[in-house]
Trainee: 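Below you'll find the structure I mean.
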Amino acid sequence: MIGVIKGLATTIKTMLRSPVTVQYPDKHLPMADRFMGFPGLLWDVKIDESKCVGCKVCARYCPTDCMYVSIKDNEKYAEGKSHRKKMVDDFVLDISRCIVCGICVEVCNFDAIVMTQIHEIGNTGRRGLWADMDTLHAMGKEYEEEHGPAYPENQAVGEEETAQ
Amino acid sequence: MVKTNGDAKLTLKTEEVMVNIGPQHPSTHGVFRMRVTFDGEVVTELEPIFGYLHRGSEKLAEERTYTQVITLTDRLDYLASMSNNLAYVLAAEKLAGIQPPERAMYIRVIMAELMRIASHCMGLGFFINDLGALATPLMYMFREREKILDLFELVCGARITFSYMRIGGVSGDLPEEFMPALVKFINEMPGYIDEYEALLRENEILISRTKDIAILTAEKAINASVTGPMLRASGVPWDLRKSDPYEVYDRFDFDIPVGSTGDTYDRFLVRLEEMRESVLIVKQAMEQIPSGPFRALAPALIHPPVGEAYAHVEAPKGELGFYLVSDNSIAPYRCKIRAPSFINLTVLRDLIIGWKLADLVVIFGSFDINMGEVDR
Ligand code: SF4
Ligand code: SF4
């Protein structure tokens with residue numbers, strides 16, 4: 001009997017603490033800085049082109065094979081406006097297969113991809129979960145607007161390269 | 001019912017009943033099925049049936065690079081992903097001969113011990129839930145697990161499938177806000193464990209339901225290769241952190257809680273005490289952690305020399321081992337996983353036979369198995 005009473009005392013003590021429930025869809029808890037949602041592509045605002053050069057390294061390292069990337073010659077390079085010889089032609093990410101592991105971001109040599117915090121991707125069809133290049137760029141833009149530049153430490157390097 | 005001769009004596013004709021428990025049953029912790037034969041209320045035969053969650057992780061690992069396999073290990077025991085990550089990267093490092101920097105080893109130890117606390121919280125919570133104490137203790141334990149998951153979110157951005165460890169270190173250094181949050185949690189946690197104890201340890205109902213129920217003798221446990229808290233509850237002080245120290249465990253001072261009889265109550269107590277020891281280890285690691293790099297310089301694609309390696313860790317459920325064979329390509333030639341839950345299940349039949357239906361669920365709950373790991 002003593003044990004049960006002891007347990008009850010604990011329960012009552014806990015009951016007196018204030019509850020911490022947050023009504024989820026209406027209110028969101030703050031996310032950690034590093035919280036990983038689905039990946040998004042970054043946009044080089046200065047040159048007005050994508051930072052992604054379509055090298056496919058991310059697609060090769062992705063454990064679930066969920067990216068489809070193609071590459072083309074960069075017209076702006078021919079005009080001398082950009083330092084990127086090649087440019088991404090098409091980039092599709094199958095969000096329904098992405099397992100949010102962050103490996104693509106780790107292997108990208110051009111700092112062109114970032115784990116955004118977008119994670120609420122409810123959709124009524126599977127096709128709606130295929131993110132095309134524009135969506136991915138929009139996701140990346142949204143991330144940079146909220147969190148500042150995704151790779152601040154490499155910002156200066158990028159600028160130098162552009163200046164050359 | 002048969003009427004016998006004229007003596008007006010009634011005898012009951014009984015026959016054994018076969019009952020199917022699972023695969024979808026709240027007490028089976030995943031998709032696990034038991035074909036149980038009852039004589040009245042007493043279990044006379046039990047046949048475990050599994051494989052419903054089989055995803056072929058070992059085979060999939062053969063066509064993925066060494067780094068990509070880390071994401072597969074997350075999904076083995078999904079309540080203790082960090083420990084799985086750790087076991088795998090240790091095996092891969094052994095194979096490739098990569099030495100992680102000191103700081104990385106400390107970070108990994110902190111993560112593995114936090115994971116142990118979280119996993120035991122779930123193990124105990126669901127065990128108590130199976131006993132009939134619906135939700136209250138479970139919710140208390142969920143509360144603390146939630147805090148640990150928040151800590152993990154700070155370091156690696158994910159809450160369940162972390163993929164945090166990498167061959168040669170970890171994927172990112174501890175962020176600034178992590179240490180204060182960890183200190184706060186570690187100072188709070190012993191109080192919460194006291195709370196669980198006050199709630200449960202002396203509870204008469206719990207004791208009468210678990211004391212001297214399903215005794216697993218040390219001899220039987222060793223024979224069946226049972227590891228982890230289940231083995232220690234039987235009185236065998238076998239813990240890989242002490243008996244074959246990996247990472248930096250030999251630098252910490254901690255005890256191995258062992259049980260005395262090996263009954264269901266001991267299995268419960270051992271897990272409770274282990275949480276306290278884990279808190280101690282994290283505390284020491286926090287004080288000793290050096291600064292420096294968090295990741296060794298290793299290429300993204302490793303080609304380990306031809307050979308094989310086995311590495312094991314003390315995962316929350318027991319000895320988790322990875323056996324890797326390399327043929328000098330970018331993917332393992334063979335990846336064998338020694339899953340503790342699967343091997344612990346071998347004593348399930350012996351333990352449950354002779355006990356009643358109501359005990360079956362409790363005994364099974366005290367195993368703390370995870371189907372993701374059993375079926376792989
Ligand atoms: S995101 Fe990076 S790795 Fe992927 S194709 Fe573009 S530049 Fe290459
Ligand atoms: S986060 Fe992982 S699964 Fe998703 S696209 Fe990147 S590499 Fe692939």
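Computed over heavy atoms, backbone and side chain alike; hydrogens, waters and symmetry mates excluded. Numbered from 1 within each chain, the chains take letters A, B, ... in sequence-line order.
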Trainee: Quick check: are there more than 12 heavy atoms from other residues, nucleotides or ligands sitting under 6.0 Å from NZ of Lys184(B)?
Mentor: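 Counting neighbours around NZ of Lys184(B), 12 or fewer heavy atoms of other residues, nucleotides or ligands fall under 6.0 Å, so no.
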
Trainee: Using non-hydrogen atoms only, which part of Tyr164(B) is less than 4.5 Å away from chain A: side chain, backbone, both, or neither?
Mentor: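 For Tyr164(B), there is no contact with chain A at all, as no heavy atom is under 4.5 Å.
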
Trainee: A quick test of your reading: do over 12 heavy atoms of other residues, nucleotides or ligands sit less than 6.0 Å from CD1 of Ile121(A)?
Mentor: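 Yes, the 6.0 Å shell around CD1 holds more than 12 heavy atoms from other groups.
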
Trainee: Which atoms of Arg201(B) come close to chain A, meaning under 4.5 Å heavy atom to heavy atom: side chain ones, backbone ones, both, or neither?
Mentor: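 Arg201(B) has no heavy atom closer than 4.5 Å to chain A.
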
Trainee: Measuring heavy-atom distances to chain A, does Phe178(B) have an atom under 4.5 Å in its side chain, in its backbone, in both, or in neither?
Mentor: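 Neither part; nothing is under 4.5 Å.
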
Trainee: Would you say that more than 12 heavy atoms from the other residues, nucleotides or ligands in this model lie under 6.0 Å from the OH of Tyr333(B), or not?
Mentor: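 Not buried by this count: 12 neighbours or fewer within 6.0 Å.
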
Trainee: Mind checking the CE-CG spacing from Met31(A) to Asp150(B)? Nearest 0.5 Å is all I need.
Mentor: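 Answer for the CE-CG pair, Met31(A) versus Asp150(B), is 12.5 Å.
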
Trainee: Count the heavy-atom pairs under 4.5 Å between each of Ile5(A), Thr64(A), Thr11(A) and chain B, then report the option with the highest count.
Mentor: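 Between Ile5(A), Thr64(A), Thr11(A), the count favours Thr11(A).
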
Trainee: Could you go step by step and tell me if Thr161(B) and Ile99(A) meet the side chain to side chain contact (heavy atoms under 4.5 Å, CB included) rule?
Mentor: CA-CA 9 Å; Thr161(B) 51; Ile99(A) 54 173; over 6 Å; no

Trainee: Among residues at least two apart in sequence or on other chains, which ones pass salt bridge (Lys or Arg N to Asp or Glu O under 4.0 Å) with Asp89(A)?
Mentor: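 Asp89(A) satisfies salt bridge (Lys or Arg N to Asp or Glu O under 4.0 Å) with no other residue.
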
Trainee: For the backbone of Cys156(B) and the side chain of Arg34(A), can you confirm whether one donor and one acceptor N or O come within less than 3.5 Å of each other?
Mentor: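 A pair under 3.5 Å: no.
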
Trainee: Would you find a donor on one side and an acceptor on the other, under 3.5 Å apart, between the side chain of Gln68(B) and the backbone of Tyr61(A)?
Mentor: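 Yes; judged by distance alone, with no hydrogens or angles, the pair exists.
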
Trainee: Please report the interatomic distance CZ(Arg64(B)) to CG(Asp65(A)), rounded to the nearest 0.5 Å.
Mentor: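 Result: 7.0 Å between the selected atoms.
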
Trainee: Could you pull out the closest heavy-atom pair between Ser171(B) and Glu106(A), with the gap in Å?
Mentor: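 In terms of heavy atoms, the two residues are closest at CB-OE1, 3.7 Å.
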
Trainee: Just so I understand: if I count every heavy-atom pair under 4.5 Å between each of Gly37(A), Ala9(A), Cys62(A) and chain B, which residue has the most?
Mentor: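 Counting heavy-atom pairs under 4.5 Å, the top option is Cys62(A).
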
Trainee: Could you tell me whether Glu176(B) atom CD has more than 12 heavy atoms of other residues or ligands within 6.0 Å of it?
Mentor: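 For Glu176(B), atom CD is not crowded (no more than 12 foreign heavy atoms under 6.0 Å).
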
Trainee: Which region of Met115(A), side chain (C-beta onward) or backbone (N, CA, C, O), has a non-hydrogen atom less than 4.5 Å from a non-hydrogen atom of chain B, or is it both or neither?
Mentor: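 Contact with chain B: none, neither part.
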
Trainee: Which pair of heavy atoms, one from Thr71(B) and one from Ile103(A), lies closest together, and at what distance?
Mentor: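 Shortest heavy-atom contact: CG2-CD1, 4.1 Å.
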
Trainee: Counting neighbours of OH on Tyr78(B) that are heavy atoms of other residues, nucleotides or ligands and sit closer than 6.0 Å, is the number greater than 12?
Mentor: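 Atom OH in Tyr78(B) is crowded, with more than 12 foreign heavy atoms closer than 6.0 Å.
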
Trainee: In terms of heavy-atom proximity below 4.5 Å to chain A, should Leu301(B) be classed as side chain, backbone, both, or neither?
Mentor: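 Backbone plus side chain of Leu301(B), per the 4.5 Å heavy-atom cut-off to chain A.
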
